[in-house]
There are 2 protein chains.
Amino acid sequence: MGSRERRSDAVANRDRIVQAARAELSGSDGGELKLHAVAKAAGVGQGTLYRHFPTREHLLAEVYRHELTQLVDAVAPLLAEHAPLDALTIWMQRLIEYARVKRGVMAAIEASAWQDLYADQHHRLDDALGTVLDHGKAAGEVRAEVDAADVILLLGALSRVPEAEWDARAHRIVAVIVDGLRPR
Amino acid sequence: MGSRERRSDAVANRDRIVQAARAELSGSDGGELKLHAVAKAAGVGQGTLYRHFPTREHLLAEVYRHELTQLVDAVAPLLAEHAPLDALTIWMQRLIEYARVKRGVMAAIEASAWQDLYADQHHRLDDALGTVLDHGKAAGEVRAEVDAADVILLLGALSRVPEAEWDARAHRIVAVIVDGLRPR
DNA sequence: ACCTGAACACCGTTCAAGT
DNA sequence: ACCTGAACACCGTTCAAGT
């Protein structure tokens, strides 16, 4: 609740951990995230890392919070200007662009789907996707049974697309998902 | 090549390792597979396990080889009696049945897709799925661009469906995939 | 209230010694 | 030719001691 007074060193440490993790993920190796290494790079003890981020997923989610927020916030404007399924298509293409550069964003999406991350903004991605789907259902463009979790699970396929095949495969996969959402 | 003379103790050990792994996977815990535990249960040294199965995936693939073979062999008869997309639907429903009981089969499928397992029967799953898709393309029921790897990646969503939601979610996901494969 | 870092636990992998 | 199992490496997690 009123987590008012956080000591400034704690805030600073948290920040440096996130920065270090971001740097580690952008590393040439291809997105490995070793927690020991992150703590060392951030200049904090492992206990401190663990205090701020109880699991690797919490850390990942924080690292990509900005990106996720942008994605989530993009939903409303898209829905205002496009038919639901078009909005979804455009949104997913934006997602692919993000994920091409920052592959970890997919891991963050998968993590955010199944855990109570984002204590402040509960399940915002879920809500955003749910909204698109609801609009689609109302317009008869989306089958009634599916929910946001279904879509997120299917999008998980993207996180297993090898880097080298990304351009060829990612768009095909999204196209299959979007078209599959239509009612028969 | 001519891997003719394999010592009988080696064969027996390999067999006991697979049996132990199978038992471990059927355990109540929910499909954990600790290699140390498998070696111990099989009564062999860890080195022996590693000699027979260089990676966890190789072991998984062997454990579910039977199931995978059955799935693969089911493709031809289905194609003979059904329209391609119907055949695919039925086949995937069979897959869901398998996976409900033996959840690890999905892991084996994912593993077999991206590695050179099954030294004897290279990529049989890939071929089988490819055949269905080719029939579908010829009949104009499947979009031309997709390949078996796309479908396998999408099916990967199933391995992340929580046990409790399996019945509700698995069929929806398969339906979305199959319908998404149709040309627009 | 928060931090540190040694220590623990776990698990995949290797390898010298055995048969 | 194959096996054993101690040993190593790696990494997530904990906790007593410190500020």
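All values below were derived from every heavy atom in this structure, side-chain atoms included, with hydrogens, water molecules and symmetry-related copies excluded. Order of the sequence lines sets the chain letters (A, B, ...), proteins ahead of strands, with each chain counted from 1.
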### Query
How would you give the extent of chain B contacts on DNA chain C, as first and last nucleotide 5' to 3' within a 4.0 Å heavy-atom cut-off?
C:dC11 to C:dC15
### Query
Does any donor atom in the side chain of B:H58 or B:T55 lie under 3.5 Å from an acceptor atom in the other side chain?
yes
Side-chain donor-acceptor pairs of residues 84-93 of chain B under 3.5 Å, sequence neighbours excluded:
from: B:T89; atom 1: OG1; to: B:L85; atom 2: O; distance (Å): 2.7
from: B:W91; atom 1: NE1; to: B:L71; atom 2: O; distance (Å): 2.8

### Message
Would you say that A:R172 contacts B:D147 through its side chain, given a criterion of any heavy-atom pair below 4.5 Å between the two side chains?
### Response
yes
### Task
Determine whether B:L158 and B:V174 make a side-chain contact, defined as any pair of heavy atoms from C-beta on separated by less than 4.5 Å.
yes
#### Entry: Identity of whatever pairs with C:dC2 - Watson-Crick or G-U, under 3.5 angstrom
D:dG18
### Summary
Across every strand shown, the nucleotide meeting Watson-Crick or G-U wobble geometry with C:dA9 (both distances under 3.5 Å) is none
### Task
Determine yes or no for a side-chain-to-main-chain donor-acceptor pair under 3.5 angstrom, with B:D73 supplying the side chain and B:Q70 the backbone.
no
#### Entry: A:E97/A:R100 under salt bridge (Lys or Arg N to Asp or Glu O under 4.0 Å): CA gap, chis, key distance, verdict
CA-CA 5 Å; A:E97 286 314 305; A:R100 195 219 311 263; 3.0 Å; yes
#### Entry: B:R182 with A:D179: basic N within carboxylate O range, under 4.0 Å
no
### Task
Could you tell me whether A:E24 and A:K34 make a salt bridge, using a distance below 4.0 angstrom between a side-chain N and a carboxylate O?
no
### Task
Name every residue in residues 43-51 of chain A that has at least one heavy atom under 4.0 Å from any atom of DNA chain C, in order of residue number, or write none if there are no such residues.
A:G43, A:V44, A:G45, A:Q46, A:G47, A:T48, A:R51
### Task
Would you mind telling me which residue lines up with the more 5' stretch of DNA chain C, B:R7 or B:K34, judged by nearest nucleotide?
B:K34
